[in-house]
Undergrad: 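I have a structure I would like to understand better, so I am pasting it below and will then ask my questions one at a time.
Lettering follows sequence order; numbering is per chain, from 1. Side chains are part of it too, since the values below use all heavy atoms of this structure and drop only hydrogens, waters and symmetry mates. Fair warning: this is a prediction, and the values are worked out from it, not measured in the lab.
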Amino acid sequence: MRATETLIPTLKETPAEADIASHVLLLRGGFIRRLASGLYTWLPLGVRVLRKVEAIIREELNRRGAQEVMMPVVQPAQLWRESGRWEAMGAEMLRMKDRHERDYAMSPTHEEVVTDLARRVLDSYQRLPVNLYQIQTKFRDEVRPRFGPLRAREFTMKDGYSFHLDDDSFERTYQDMRDAYSAVLRRVGLDFRAVLADGGNIGDSESHEFQVLAGSGEDVIAYCPESDYAANLEMAEAVAPAPSDAAPLELAKVATPDCRTIADVAKFLAVEPEHCVKTLIVRGAETPLVAIVLRGDHELNLTKAGRLDAVATPVAFAAETDIRTALQCSPGSIGPVGLAMPVYADRAATALANFVCGANDEGYHLTGVNWRRDAGGAQTVDVRNVVPGDPSPDGKGTLQFARGIEVGHIFKLGVKYSEPMGLSVQNGAGEDVTLTMGCYGMGVTRLVGAIVEQCHDDAGIIWPAAVAPFDVHIVALGYDRDAAVHEAADAFLNACEERGIEALLDDRDERAGVKFAEADLIGAPHRVTIGARNLKRGLVEYKPRHEGQGDLAPPERIAERIAQAKNT
RNA sequence: CGGGGCAUAGCGCAGUUUGGCAGCGCGCCUGCUUUGGGAGCAGGAAGUCGGGAGUUCGAAUCUCCCUGCCCCGACCA
């Protein structure tokens with residue numbers, strides 16, 4: 001292709017609307033333009049990248065037996081009422097009415113539609129399992145769209161749904177999809193982790209997120225460098241430390257005036273925060289209040305807390321006035337000793353001996369506290385956030401933290417939709433079986449953003465070869481005024497096309513600096529510079545985007561080299 | 001949804017405090033020169049100063065209302 005015939009509106013300066021690398025570079029490189037908050041137009045260059053990503057996804061899914069379909073984006077409310085999500089989805093779902101005043105949703109996801117499809121067409125267990133997917137537009141009216149294509153309101157998602165007679169069948173497909181997602185991300189050339197995640201409100205059990213590692217990512221993941229353990233911070237298990245075997249000291253009550261925080265208490269009593277415990281009071285499911293005890297240096301994990309039977313969900317801290325009424329002291333002086341409410345203690349807190357805690361008496365703390373002797377009623381649970389350096393739950397090393405961009409999420413739906421929507425078939429024995437479902441999502445437009453986030457330098461994007469808008473950027477210097485350059489550039493473009501190399505020839509009447517700067521910005525993996533000087537010796541310059549230095553060679557040799565790189 | 005900020009030419013910004021001809025850089029158009037890392041000179045086009053109401057002889061500037069956008073927190077591919 002020729003630059004003079006392609007719409008590539010690059011920007012020299014950073015638009016004020018963007019402040020992270022991927023957003024800035026996609027705008028500046030002429031890949032996307034914003035229409036309104038969270039709404040983006042994909043320009044020719046951007047579409048080329050999207051299509052490549054989609055092609056890879058299709059290949060990996062089709063290879064594993066998934067079949068592509070395409071479902072409507074506008075969906076009747078009736079279906080959503082059946083699943084109960086017309087109410088449950090809230091403002092995130094864009095709603096509208098047609099000319100007959102009937103309610104519709106702009107689909108944020110397709111479980112309802114695909115389940116409806118399945119109950120109409122899956123008339124026998126002999127058709128199972130079935131794995132359907134589509135690459136489609138979704139709309140989610142995000143509270144706060146940001147970071148350009150990383151969190152847009154309208155976006156392209158590959159969503160897949162599988163249907164099974166039993167869990168074994170589901171597990172096989174789940175594993176296939178897990179492999180497919182890893183294969184896609186590997187082919188795209190990304191550093192990523194498949195992490196254990198919370199199913200959130202879509203699924204009903206454990207799931208995996210595919211996180212592309214990037215410092216600007218919104219999610220924190222805990223992973224073990226020595227093994228393949230990786231989990232979302234919400235999910236990462238905090239293993240029990242070895243219990244202290246110190247001989248019990250005498251329980252003592254000490255005045256701790258003006259000590260409101262663990263840091264205050266630790267400093268005042270000259271002990272480390274990890275020898276103190278803090279007691280948090282949350283709302284209970286059965287009782288008004290529930291206590292959760294953590295080691296002084298640890299943080300509560302709200303997801304884990306929400307799974308505790310006695311804790312009300314969503315997890316909410318008790319109001320200070322309620323605490324004062326119930327305990328006659330402020331939150332800073334609470335401890336597990338003699339507390340008249342259900343008490344959960346984190347494993348790390350339980351492992352302590354002779355620790356410090358609040359005395360449930362304003363301005364006093366207890367020292368030398370021991371669980372068995374002084375606060376035996378506590379139930380030991382895992383309820384804290386892991387911290388870097390914690391042992392990995394698989395016993396193979398210690399955890400580290402990284403930030404990630406969630407580009408994919410796969411989970412088991414079970415019968416969450418098939419049951420309320422009546423999706424069942426008869427099995428071989430003539431019994432009605434409600435189908436088990438799996439759900440597999442991958443954000444395609446987000447993935448493009450994540451790629452740029454991971455693959456760029458100060459000058460611009462460095463596309464992984466598999467998804468680059470072009471294989472090679474041909475910089476023809478003086479194309480319009482030097483016949484030899486003109487001819488050589490056209491010939492090189494032809495040579496590329498004959499070899500199946502996608503090339504962009506910069507045939508514009510621009511100066512060298514402009515052309516080089518834009519080539520770096522756009523980020524094709526290979527760059528070939530054709531200038532009068534080197535051409536006199538029959539040479540052109542070749543430089544990979546990610547390397548500083550290029551070299552000179554005859555054009556045919558370079559075309560061959562690029563063709564080879566493309567096919568390996 | 002809560003908190004903060006911004007809105008002036010296609011893009012980036014100054015001008016607003018203290019009301020008085022709407023400006024600068026980049027980009028765009030024309031011409032000449034230049035030509036391997038975002039050129040130089042000359043000329044030119046381009047603005048409902050986000051919208052509405054008000055104060056005033058006079059409003060980009062002051063007041064009120066509205067809208068849009070960005071950033072920080074709880075959700076998600």
Undergrad: What nucleic acid atoms does A:Ala16 come within less than 4.0 Å of, heavy atoms only: base, sugar-phosphate, or nothing?
TA: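 The answer is sugar-phosphate, as A:Ala16 gets under 4.0 Å only of primed atoms, P, OP1 or OP2.
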
Undergrad: Quick one: label A:Met157 by what it contacts on the DNA or RNA (base, sugar-phosphate, nothing), any heavy atom closer than 4.0 Å.
TA: sugar-phosphate

Undergrad: Under 4.0 Å, heavy atoms only, any strand: does A:Asp19 hit a base, just the sugar-phosphate, or nothing?
TA: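 Touches sugar-phosphate only.
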
Undergrad: With RNA chain B as reference, determine whether A:Phe147 or A:Thr529 sits nearer its 5' end, using the nearest nucleotide of each.
TA: A:Thr529

Undergrad: Centroid-to-centroid, A:Trp80 to A:Tyr104, below 6.0 Å?
TA: no

Undergrad: By the 4.0 Å heavy-atom rule, please label A:Val514 as base, sugar-phosphate, or nothing.
TA: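 Result for A:Val514 = base.
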
Undergrad: What is the distance, to the nearest angstrom, from the NZ atom on A:Lys543 to the C1' atom on B:G37?
TA: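 So the two atoms are 11 Å apart, to the nearest Å.
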
Undergrad: With both distances under 3.5 Å as the test, what is the Watson-Crick or G-U wobble partner of B:A46?
TA: none

Undergrad: Provide, to the nearest angstrom, the distance between the CZ atom belonging to A:Arg151 and the P atom belonging to B:A74.
TA: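 Spelled out: CZ on A:Arg151 to P on B:A74 is 11 Å.
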
Undergrad: How many whole angstroms separate atom NZ of A:Lys536 from atom C1' of B:G36?
TA: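 Distance check: A:Lys536 NZ to B:G36 C1' gives 13 Å.
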
Undergrad: Is A:Arg561 close enough and on-axis enough to A:Tyr542, meaning under 6.0 Å and within 45°, for cation-pi?
TA: yes

Undergrad: Counting only side-chain N and O atoms of A:Thr109, is one of them less than 4.0 Å from OP1 or OP2 of B:A77?
TA: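 Answer is no, no contact under 4.0 Å.
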
Undergrad: How would you label the contact of A:Gly478 with the nucleic acid (heavy atoms, under 4.0 Å): base, sugar-phosphate, or nothing?
TA: nothing

Undergrad: Applying a 4.0 Å non-hydrogen cut-off, can you work out what A:Ala512 is touching in the nucleic acid: base, sugar-phosphate, or nothing?
TA: sugar-phosphate

Undergrad: Write down the distance between NE2 (A:His23) and P (B:C70), rounded to a whole number of angstrom.
TA: 8 Å

Undergrad: Quick one: does A:Arg28 reach the base of B:G27 with a side-chain donor-acceptor pair under 3.5 Å?
TA: no

Undergrad: What integer number of Å spans the P atoms of B:C6 and B:C64?
TA: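 Result for the P pair: 15 Å, nearest Å.
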
Undergrad: Is there a donor and acceptor pair, one atom on the side chain of A:Glu518 and one on the base of B:G38, closer than 3.5 Å?
TA: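 In this structure, the two groups form a donor-acceptor pair.
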
Undergrad: Validate the cation-pi geometry between A:Arg34 and A:Tyr40: distance from NZ or CZ to the six-membered ring centre under 6.0 Å, angle to the ring axis within 45°.
TA: no

Undergrad: Which part of the nucleic acid, if any, lies within contact of A:Ala152, taking any heavy atom under 4.0 Å across all strands shown: a base, the sugar-phosphate backbone alone, or nothing?
TA: base

Undergrad: List the steps, then state whether side chain to side chain donor-acceptor pair (under 3.5 Å) holds for A:Asn62 with A:Glu68.
TA: CA-CA 8 Å; A:Asn62 293 348; A:Glu68 186 167 3; 5.4 Å; no

Undergrad: So for A:Arg446 and B:C76, does any side-chain atom that can act as donor or acceptor lie under 3.5 Å from a complementary atom in the base?
TA: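 Flag set: donor-acceptor pair detected.
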
Undergrad: Here's one to test your reading of the geometry: is the NZ or CZ of A:Arg48 within 45 degrees of the ring axis of A:Phe470 and under 6.0 Å from its centre?
TA: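 A:Arg48 over A:Phe470 ring: yes.
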
Undergrad: Ignoring hydrogens and angles, does a donor from either the side chain of A:Arg508 or the base of B:G38 sit under 3.5 Å from an acceptor on the other?
TA: no

Undergrad: Does B:C13 have a Watson-Crick or wobble partner in any strand here, with both distances under 3.5 angstrom, and which is it?
TA: B:G23

Undergrad: Starting at the 5' end of RNA chain B, which residue's closest nucleotide do you reach first, A:Glu17 or A:Leu535?
TA: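 Comparing both residues, the 5'-ward one is A:Leu535.
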
Undergrad: Could you check how far CD of A:Gln549 sits from C1' of B:G36, rounded to whole Å?
TA: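 Nearest whole value for this atom pair: 13 Å.
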
Undergrad: For the C1' atoms, the ones on B:G37 and on B:C75, what distance do you get once it is rounded to whole angstrom?
TA: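 One C1' to the other, the span is 45 Å.
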
Undergrad: B:A46 and B:C26: how far apart are their C1' atoms, nearest whole angstrom?
TA: 14 Å

Undergrad: Determine the interatomic distance between C1' on B:U8 and the same-named atom on B:G31; round to the nearest Å.
TA: 31 Å

Undergrad: Select one nucleotide: of B:A77, B:U35, B:C69, the one nearest the side-chain heavy atoms of A:Arg34.
TA: B:C69

Undergrad: Would you kindly check whether a donor in the side chain of A:Glu510 faces an acceptor in the base of B:G38, or vice versa, at under 3.5 angstrom?
TA: no

Undergrad: Tell me: CG of A:Leu477 to C1' of B:G37, nearest whole Å?
TA: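 Atom-to-atom, A:Leu477 to B:G37, this comes out as 10 Å.
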
Undergrad: Taking a pair as Watson-Crick or G-U wobble with both distances under 3.5 Å, which nucleotide is matched to B:G37?
TA: none

Undergrad: I'd like the P distance from B:C49 over to B:A7, given in whole Å.
TA: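 Result for the P pair: 15 Å, nearest Å.
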
Undergrad: Are A:Phe516 and the base of B:G36 stacked, counting only ring centres nearer than 5.5 Å and planes tilted under 30°?
TA: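 No.
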
Undergrad: For the pair A:Glu171 and A:Arg178, find out whether any cationic side-chain nitrogen is under 4.0 Å from an anionic carboxylate oxygen.
TA: no

Undergrad: For the C1' atoms, the ones on B:C32 and on B:G68, what distance do you get once it is rounded to whole angstrom?
TA: 45 Å

Undergrad: Rounded to whole angstroms, how far apart are CD on A:Glu13 and P on B:C13?
TA: 8 Å

Undergrad: Given atom CG of A:Leu11 and atom P of B:A9, what is their separation to the nearest angstrom?
TA: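 Spelled out: CG on A:Leu11 to P on B:A9 is 15 Å.
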
Undergrad: Counting only Watson-Crick pairs (N1-N3 plus N6-O4 or O6-N4) and G-U wobbles (N1-O2, O6-N3), all under 3.5 Å, who is the partner of B:G73?
TA: B:C1

Undergrad: Between the base of B:C71 and the side chain of A:Arg144, is there any donor-acceptor pair under 3.5 Å?
TA: no

Undergrad: For nucleotides B:A39 and B:A77, find the distance between their C1' atoms and express it as a whole number of Å.
TA: 46 Å

Undergrad: Contact class for A:Arg527 vs. all strands (heavy atom < 4.0 Å): base, sugar-phosphate, or nothing?
TA: base

Undergrad: When the C1' atoms of B:C57 and B:C65 are considered, how many whole Å apart are they?
TA: 26 Å

Undergrad: Does any non-hydrogen side-chain atom of A:Tyr133 lie less than 4.5 Å from one of A:Val69?
TA: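 Counting from C-beta outward, A:Val69 and A:Tyr133 never come under 4.5 Å.
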
Undergrad: If you look at every strand shown and take non-hydrogen atoms under 4.0 Å, does A:Thr445 touch a base, only sugar-phosphate, or nothing?
TA: nothing

Undergrad: Hey, is the side chain of A:Arg511 poking within less than 4.0 Å of OP1 or OP2 on B:U35, counting only N and O atoms?
TA: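 Looking at the OP1 and OP2 atoms of B:U35, neither is under 4.0 Å from any side-chain N or O of A:Arg511.
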
Undergrad: Please determine which of A:Glu487, A:Lys515, A:Arg2 meets the side-chain hydrogen bond (donor to acceptor under 3.5 Å, both in side chains) test together with A:Tyr479.
TA: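 Exactly one candidate clears the test, A:Arg2.
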
Undergrad: Which nucleotide wins on minimum distance to the side chain of A:Glu541, given the candidates B:G36, B:A74, B:C69?
TA: B:G36

Undergrad: Side-chain donor or acceptor of A:Asp219 under 3.5 Å from a matching atom on the base of B:C76?
TA: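 Indeed, a donor on one side and an acceptor on the other fall under 3.5 Å apart.
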
Undergrad: Can you label the angle between the A:Phe411 ring and the A:His409 ring as parallel, tilted or perpendicular, going by 30° and 60°?
TA: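 Taking A:His409 first and then A:Phe411, their aromatic rings stand perpendicular (interplane angle over 60°).
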
Undergrad: Side-chain N or O of A:Lys12 versus OP1/OP2 of B:G38: is the shortest distance under 4.0 Å?
TA: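 Answer no for this pair, as no side-chain N or O of A:Lys12 is under 4.0 Å from OP1 or OP2.
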
Undergrad: Sort out the partner of B:C64 for me: Watson-Crick or G-U wobble, both distances under 3.5 Å, none otherwise.
TA: B:G52

